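All of these numbers come straight from a predicted model, not from anything done at the bench. First listed ligand is number 1; within each ligand, the first listed atom is number 1.
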Amino acid sequence: MAEQKVETNDFANIDAHLDYQAVVIGAGVAGIYQIKRLADLGIRATVLDANADLGGTWYNNRYPGARFDSESYTYSYSFSKEVLDEWHWTEKFSPQPETLQYLNFVTDKFALRKYMQFDCRVESMVFNDQSNAWTIGLNDGRQITTRFIITGVGVLSTPTLPQFEGMASFKGTSFHASNWPHEPLDLTGKRVAVIGSGATAIQLIPEVAKVAERLTVFQRRANWAAPLNNGPISEADMAQIRERYDEIFATCARTPGGFEHEPDRRGFYDVTPEERRELWDRLYDGPGFGIWLQNFTEIFFDEKANAEFSDYIAERIRQRVNDPAVAELLIPKDHGFGIQRVPMETGYFETYNRDNVELIDGAASPVTRITPTGIETSEGSFEVDVIVYATGFDAFTGSFDQIDIQGTKGELLREKWAAGPVTYLGTTVHGFPNFLMLVGPQTAASNFPRGAELSVDWVTPFLEHMWARGYQRFDVDKVAEDEWFEHVKGMYEGLLLRNAKSWFTGYNSNIKGHEHGNMRYNIYNGGGPKYARTLNEVADRDYKGFYFK
Ligand code: NAP
C-alpha cells in the first residue's frame with residue numbers, strides 16, 4: 001500500500017474525534033520542552049500535572065538549601081538561543097526558587113501555560129485495542145481520550161516514608177522533605193529531627209542547623225559527600241558563559257554524565273600516588289561533580305582504586321570534623337565513594353562541629369518508634385517539635401506504579417514491572433502501544449535536562465514519522481525489548497555500583513520487594529553519548545524494534 005504523506009501543517013486535523021492527539025503527563029523540565037515541540041507542530045496536546053503549578057521536582061522540593069548539583073548553565077535548556085541569551089543564572093549552582101522561576105520564564109516566553117492543566121492527578125490510563133487510543137482517568141472524574149501518551153513524570157518524584165510505629169501520633173510538625181511546606185516555616189527556637197543522610201538531608205541539614213535551637217540527625221548509614229564549591233555568577237561571568245554555550249552543550253553531549261566534567265583519561269596505575277593526590281586535591285576544591293566525574297574511571301570498577309580514593313575523602317572528612325568519633329560515624333564503611341549518587345555539600349561536615357547539632361548513629365541505635373512528642377531509638381528518646389523525613393524516593397517506577405496503566409490484554413504496567421522495569425530503549429514498553437516515556441527507567445543517568453532534551457528530541461520525530469505516514473499505532477517488538485533489557489543488565493556487570501544500596505539498583509528499604517539484593521535495573525550505565533547513538537541508530541533504521549499500523 002502506498003504510504004500516505006501528510007504535510008506538517010495538516011497534523012492538527014488527525015484524530016479529530018479524540019480529545020487530544022497527545023497528552024503529556026507532568027509539567028516539569030521534560031514536559032515543558034515536550035509541549036513546546038508539540039505546540040510548534042500544531043498538535044492538539046495538553047499537559048496534565050497533579051501539582052497546582054508547573055515545575056515538577058522544582059515545584060515540590062522547597063526545603064532550605066535545595067539547589068542544583070549541576071552547574072546552572074549546563075542545566076539550561078539548549079533548544080532556544082533566545083532563552084540562553086536572556087536568562088541570567090545568579091549562582092553556579094542555582095537554588096530552587098531561581099530554578100522554578102527559570103522554568104516559569106521559559107513556559108511564559110513560549111506561551112505554553114495555556115496547554116497545561118493543574119491539580120489533576122492521573123489515576124488510570126487504559127489502551128483500547130480497537131480504537132488504538134488511550135483513555136485517561138483523572139481524579140476529578142474526567143475521562144480524556146488521546147492517541148498518544150508521553151510521560152514526563154520524573155525520576156525521583158514519588159517520596160517514600162519509613163514505616164515507624166507511631167508516626168501518625170506525632171503532635172508536632174512532620175513531613176517528607178520533598179513536601180516541605182510552601183508557606184514559610186520558621187524553625188527558630190525549634191527542636192528539629194532529620195531522618196536520613198542522602199543528598200536531600202545533606203543539603204538541608206546545614207541550613208536547618210543555622211536556625212534551629214537543636215538539630216538531631218538520625219543517620220542509618222553514612223553517605224559519601226564532597227564540597228559543591230558554589231559561588232555567584234556576575235554579569236561578566238554570564239556574558240562569557242553565553243559566548244561558550246555551544247561549546248558547553250557540545251561537551252555535555254560527549255561526556256558520559258552530560259556535564260562539562262570529563263573523566264581523567266590517564267590510567268589510575270599509570271600515575272604516581274602523588275599525581276593522584278594532586279588531581280584529587282584540585283577536584284576537591286573544584287566545583288560540583290568534578291570530584292566524581294573528572295576522576296580516574298577505575299574508581300567505578302576497581303576495588304583497590306576505589307578504596308584508595310575513598311581513603312583520601314575520609315581523610316578530608318576527618319580534617320573537617322572536630323570530634324574524631326563523629327568524623328568516623330560520618331565516613332561510610334560499607335561502600336566506596338561514588339558507587340551511590342554522590343551528594344554535594346556546603347558546610348555539611350562542619351555542621352557537626354556546632355553545639356546545637358547531634359548525630360545519632362542508626363547502626364548502634366536505630367529508630368524504634370515515633371511518639372506524640374518525639375523519636376525513640378533503641379538507646380534513648382528525643383523530644384522534638386519538627387520531624388523531617390529525608391528518606392528518599394520510589395525511584396523511576398514509583399510514579400508509574402501509582403497509576404493503573406493498562407496496555408493490551410488488560411496487562412497492568414505495575415504488574416509487568418513488579419520485579420523491576422523492563423523497557424525498550426527506556427522510551428517504550430512492549431504491550432503498551434502509543435505510550436512513550438521521557439527519561440524513563442533504563443535511560444542513561446545524566447544531567448537531567450540533557451537527558452530530557454535527548455528524549456524529547458527523539459520522541460518528537462518519532463511521532464512526526466507516524467503522523468506523516470498516517471500511522472495510528474506503534475507496538476514494541478518483544479525480542480527488541482528483551483535484547484535491550486539484557487544489554488542494560490549487562491552494563492551493570494563489573495561496576496562496583498551493582499552492589500550498592502542505592503536507587504541506581506532500585507534499593508529502598510521502605511518498599512516491599514525493593515530491599516537490598518532485589519536488583520532492579522533502573523538505569524542504563526553506558527553513558528549519555530552511547531545511549532544517544534543507540535537512539536539515533538534505531539531512528540535511522542526506520543525505527544527498528546517497532547511495528548506501525
Ligand atoms: P536517598 O539518597 O535515597 O536517601 C534517603 C536517606 O534516608 C538515606 O540516608 C536512607 O538511609 C535514609 N532512610 C530511608 N528510609 C529510612 C528508614 N526507614 N529509617 C532510617 N533511615 C532511612 O534520598 P534523597 O536524599 O532524597 O536523594 C535521592 C536522590 O535525589 C539523590 O540521590 C539525587 O539524585 C536526588 N537529589 C538531587 C539533589 C540535587 O540535585 N541537588 C538534591 C537532593 C536529591 P540508608 O542509606 O541506610 O538507606
**Q** Can you confirm whether more than 12 heavy atoms, excluding those of Glu303, are under 6.0 Å from its CD atom?
**A** no
**Q** Pairs of nitrogen or oxygen atoms closer than 3.5 Å, one from Ala199 and one from ligand 1: do any exist?
**A**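 Between Ala199 and ligand 1 (N or O atoms, distance only) the closest approach is under 3.5 Å.
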**Q** Using a 4.0 Å heavy-atom threshold (strictly under), name the region of Arg221 that reaches ligand 1: side chain, backbone, both or neither.
**A**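 Both backbone and side chain.
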**Q** Heavy atom to atom 19 (N) of ligand 1, shortest distance: which of Phe448, Phe164, Phe393, Tyr63 holds it?
**A**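 Among Phe448, Phe164, Phe393, Tyr63, the closest heavy atom to atom 19 (N) of ligand 1 belongs to Phe164.
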**Q** From atom 30 (O) of ligand 1, work out which of Asn447, Leu156, Asp394 has a heavy atom at the shortest distance.
**A** Leu156
**Q** What I want to know is whether Ala390 and ligand 1 share at least one N or O pair that is separated by under 3.5 angstrom.
**A** yes
**Q** Among all protein heavy atoms, pick the one closest to atom 1 (P) of ligand 1 and tell me residue, atom and distance.
**A** Gly392 CA, 4.1 Å
**Q** Among residues at least two apart in sequence or on other chains, which ones pass ring pair (Phe, Tyr, Trp, His ring centres under 6.0 Å) with His487?
**A** Trp484, Tyr524
**Q** For Asn510, which part has a heavy atom under 4.0 Å from ligand 1: side chain, backbone, both, or neither?
**A**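 Side chain only.
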**Q** Give me the nearest non-hydrogen protein atom to atom 41 (N) of ligand 1 as residue plus atom name, then the distance to 0.1 Å.
**A** Arg67 O, 2.5 Å
**Q** Quick one: list whatever passes salt bridge (charged side-chain N to carboxylate O under 4.0 Å, His left out) with Asp108, sequence neighbours left out.
**A**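 Listed in chain order: Arg113.
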**Q** Would you say Glu515 and Asn518 are linked by a side-chain donor-acceptor pair, where the criterion is simply a distance under 3.5 Å?
**A**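 Per modelled atom types, Asn518 and Glu515 side chains form a pair under 3.5 Å.
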**Q** May I ask you to identify the nearest protein heavy atom to atom 8 (C) of ligand 1, giving residue, atom name and distance to one decimal place in Å?
**A** Ser197 N, 3.8 Å
**Q** Can you confirm whether Arg354 sits close enough to Thr351 that some side-chain heavy atom of one is under 4.5 Å from a side-chain heavy atom of the other?
**A**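 Touching, per the 4.5 Å side-chain cut-off.
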**Q** For atom 29 (C) of ligand 1, state which one of Trp503, Tyr507, Tyr75 supplies the nearest heavy atom.
**A**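 The option holding the nearest heavy atom is Trp503.
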**Q** Between Phe504 and ligand 1, which part of the residue brings a heavy atom under 4.0 Å of the ligand: side chain, backbone, both or neither?
**A**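 Near ligand 1, Phe504 shows nothing, with every heavy atom at 4.0 Å or more.
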**Q** Which part of Gln203 is near ligand 1, with near meaning a heavy atom under 4.0 Å away: side chain, backbone, both or neither?
**A**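 Gln203 to ligand 1: side-chain contact only, backbone stays beyond 4.0 Å.
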**Q** Between the candidates Arg341, Met344, His176, which shows the shortest non-hydrogen contact distance to atom 38 (C) of ligand 1?
**A**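 It is Arg341 whose heavy atom sits nearest to atom 38 (C) of ligand 1.
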**Q** Provide, to 0.1 Å, the distance between atom 47 (O) of ligand 1 and the closest protein heavy atom, together with that atom's residue and name.
**A** Arg220 NE, 2.9 Å
